[in-house]
Colleague: 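There's a structure below that I have some questions on.
Each chain gets a letter, A, B and so on, in the order its sequence line appears, and its residues count up from 1.
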There are 2 protein chains.
Amino acid sequence: MKKEKAKDRIIRTASDLFYRQGFNSTGINQIIAEADIAIGSLYNHFSSKNDLLRAYLIKEETEWFKGFEEQIGNIDPPKDKIVALINYRKKLQDDSTFAGCHFIKIISELGDSNPLVSDVVKNHKEKQKIMIREILTQYDVEKKSLDIDSVAEHIFLLIEGAVVTSTIDKNADAFAHIKKIIQGLLP
Amino acid sequence: MKKEKAKDRIIRTASDLFYRQGFNSTGINQIIAEADIAIGSLYNHFSSKNDLLRAYLIKEETEWFKGFEEQIGNIDPPKDKIVALINYRKKLQDDSTFAGCHFIKIISELGDSNPLVSDVVKNHKEKQKIMIREILTQYDVEKKSLDIDSVAEHIFLLIEGAVVTSTIDKNADAFAHIKKIIQGLLP
DNA sequence: GTCTATATGGTGATAGAC
DNA sequence: GTCTATCACCATATAGAC
């Protein structure tokens with residue numbers, strides 16, 4: 001096993017802390033301490049704390065879709081793909097003990113004060129909506145008679161609601177609920 | 001018009017800043033500057049910044065239900081009450097230019113590191129769910145054949161999803177969408 | 001009750017040796 | 001590329017005069 005490079009260790013440590021503690025509650029000193037790196041080295045790789053935030057967002061965005069591809073595996077039936085999406089969002093919550101969606105968290109903390117954050121989050125959610133619409137388009141080839149845009153939005157909003165609610169409740173009940181509802185939407 | 005007391009001015013100013021900028025991004029110095037109060041006076045009324053957070057949460061919780069009562073006015077038909085709830089959440093978003101739900105924001109920023117926050121937010125959302133169930137119980141007296149708990153959860157999750165999504169998108173499209181869906185759920 | 005002055009420690013960021 | 005030492009500033013909180 002190759003030794004992890006300093007830069008990668010910084011990103012990994014910072015990402016973990018930003019997610020668990022929040023961006024503003026995480027200091028540069030804590031990052032360098034936990035990454036076991038000198039502060040001079042950090043500023044050699046990243047120009048500012050905001051640059052580190054940028055790296056965090058890009059990392060999470062990339063890993064989100066990579067993780068979803070793994071979850072979906074070689075599932076083919078469109079309806080099962082939708083279920084896999086719900087299971088994936090649930091799994092992310094379970095694995096983080098319901099710490100919440102990275103993107104909702106960061107925009108909730110920083111608002112639109114940081115244009116970088118607004119853009120990445122908006123783009124990330126838009127991609128998910130498009131993905132749902134594409135899956136429903138495959139589904140509709142067989143079944144027809146589906147208002148794709150409308151059902152896609154319905155599914156998307158239920159998932160977002162379940163993620164937020166499970167973060168507050170610290171349990172996955174909402175996911176069980178939306179899975180039943182959404183299966184009812186896809187006859 | 002009576003002059004606003006120092007304590008009330010502090011709470012109002014702090015609440016506004018916590019909401020707009022976030023809790024951690026708001027310093028005591030900024031609060032005393034904008035409230036036009038001395039720091040000694042602030043610590044005379046509040047024992048710590050966390051105590052100020054406590055006052056903020058209580059204020060928002062109280063005002064949320066007061067505002068909803070005003071919105072609902074003397075509307076009687078249960079279905080219209082549900083629509084009034086959606087309109088109320090939409091109005092809160094419109095009025096704040098989509099700054100988001102106070103409670104989702106604060107729990108997203110502070111997570112469960114602060115037990116006070118977790119408790120207040122969880123309680124606030126639970127109250128809303130109960131309220132929806134009560135309205136649906138009234139509705140069911142006439143129409144019957146409704147799975148109240150299930151429909152209540154469906155409505156609640158759609159509203160939460162719409163609030164989060166409208167915060168990201170900076171527009172109210174999601175509310176128009178869920179209004180149609182929810183009216184379809186109540187025949 | 002409100003004020004000013006101050007204590008103490010943490011923040012992001014830079015300079016320059018090796 | 002990595003390090004140590006240090007900067008200027010801001011944070012929360014306290015002491016004590018009026």
Colleague: Rounding to a whole Å, what distance do you find between A:I39:CD1 and C:dG12:P?
Modeller: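 Rounded to whole Å, this separation is 8 Å.
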
Colleague: Just to confirm, is there a sub-4.0 Å distance from OP1 or OP2 of D:dG1 to any side-chain nitrogen or oxygen of A:S41?
Modeller: no

Colleague: Would you mind reading off the distance between A:I31 atom CD1 and C:dT11 atom P, rounded to a whole angstrom?
Modeller: 10 Å

Colleague: Same hydrophobic cluster for A:L116 and B:I168, using side-chain heavy-atom links shorter than 4.5 Å among ILVMFWY?
Modeller: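 Same cluster.
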
Colleague: So if I take every side-chain heavy atom of B:I28 and compare against D:dT2, C:dT14, D:dT12, which nucleotide ends up nearest?
Modeller: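 Of D:dT2, C:dT14, D:dT12, D:dT12 is nearest to the side chain of B:I28.
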
Colleague: Within 45° of the six-membered ring axis of B:F68 and under 6.0 Å from that ring's centre, is NZ or CZ of B:K81 located there?
Modeller: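 No, cation not above the ring by the 6.0 Å, 45° rule.
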
Colleague: Given atom CZ of A:F46 and atom C1' of D:dG1, what is their separation to the nearest angstrom?
Modeller: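 Rounded to whole Å, this separation is 14 Å.
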
Colleague: Does C:dA13 have its OP1 or OP2 closer than 4.0 Å to a side-chain nitrogen or oxygen of A:Y43?
Modeller: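 Checking C:dA13 against A:Y43, a side-chain N or O does come within under 4.0 Å of OP1 or OP2.
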
Colleague: Nearest to the side chain of B:I37 - C:dT2, D:dT2, C:dC3?
Modeller: C:dC3

Colleague: Tell me the interatomic distance from B:D36, atom CG, to C:dT2, atom C1', rounded to whole angstroms.
Modeller: 12 Å

Colleague: Provide, to the nearest angstrom, the distance between the CG atom belonging to B:N44 and the P atom belonging to C:dT4.
Modeller: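 Nearest whole value for this atom pair: 15 Å.
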
Colleague: Looking across every strand, which nucleic acid part, if any, lies under 4.0 Å from B:G40 by heavy atom: base, sugar-phosphate, or nothing?
Modeller: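 Base contact.
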
Colleague: On the ring face of B:F23, is B:K105 found with NZ or CZ under 6.0 Å from the centre and within 45° of the axis?
Modeller: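 Ring-cation test returns no.
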
Colleague: Whole angstrom is fine here: how far is it from NZ in B:K49 over to P in D:dT14?
Modeller: 15 Å

Colleague: Nearest-Å distance, CD (A:Q30) to C1' (C:dG12)?
Modeller: 14 Å

Colleague: Using a cut-off of strictly less than 4.0 Å, decide whether B:N29 has a side-chain nitrogen or oxygen near OP1 or OP2 of D:dT12.
Modeller: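 No.
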
Colleague: Find the distance B:L17:CG to D:dA11:P and express it as a whole number of Å.
Modeller: 12 Å

Colleague: Taking for each residue the nucleotide of DNA chain C with the nearest heavy atom, is it A:S47 or A:S25 whose nucleotide lies nearer the 5' end?
Modeller: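 First, find each residue's nearest nucleotide; the 5'-ward one identifies A:S25.
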
Colleague: Any chain of hydrophobic side-chain contacts (each under 4.5 Å) joining A:F98 to A:V164?
Modeller: no

Colleague: On the six-membered ring of A:F103, is A:K125 placed so that its NZ or CZ lies under 6.0 angstrom from the centre and within 45° of the ring axis?
Modeller: no

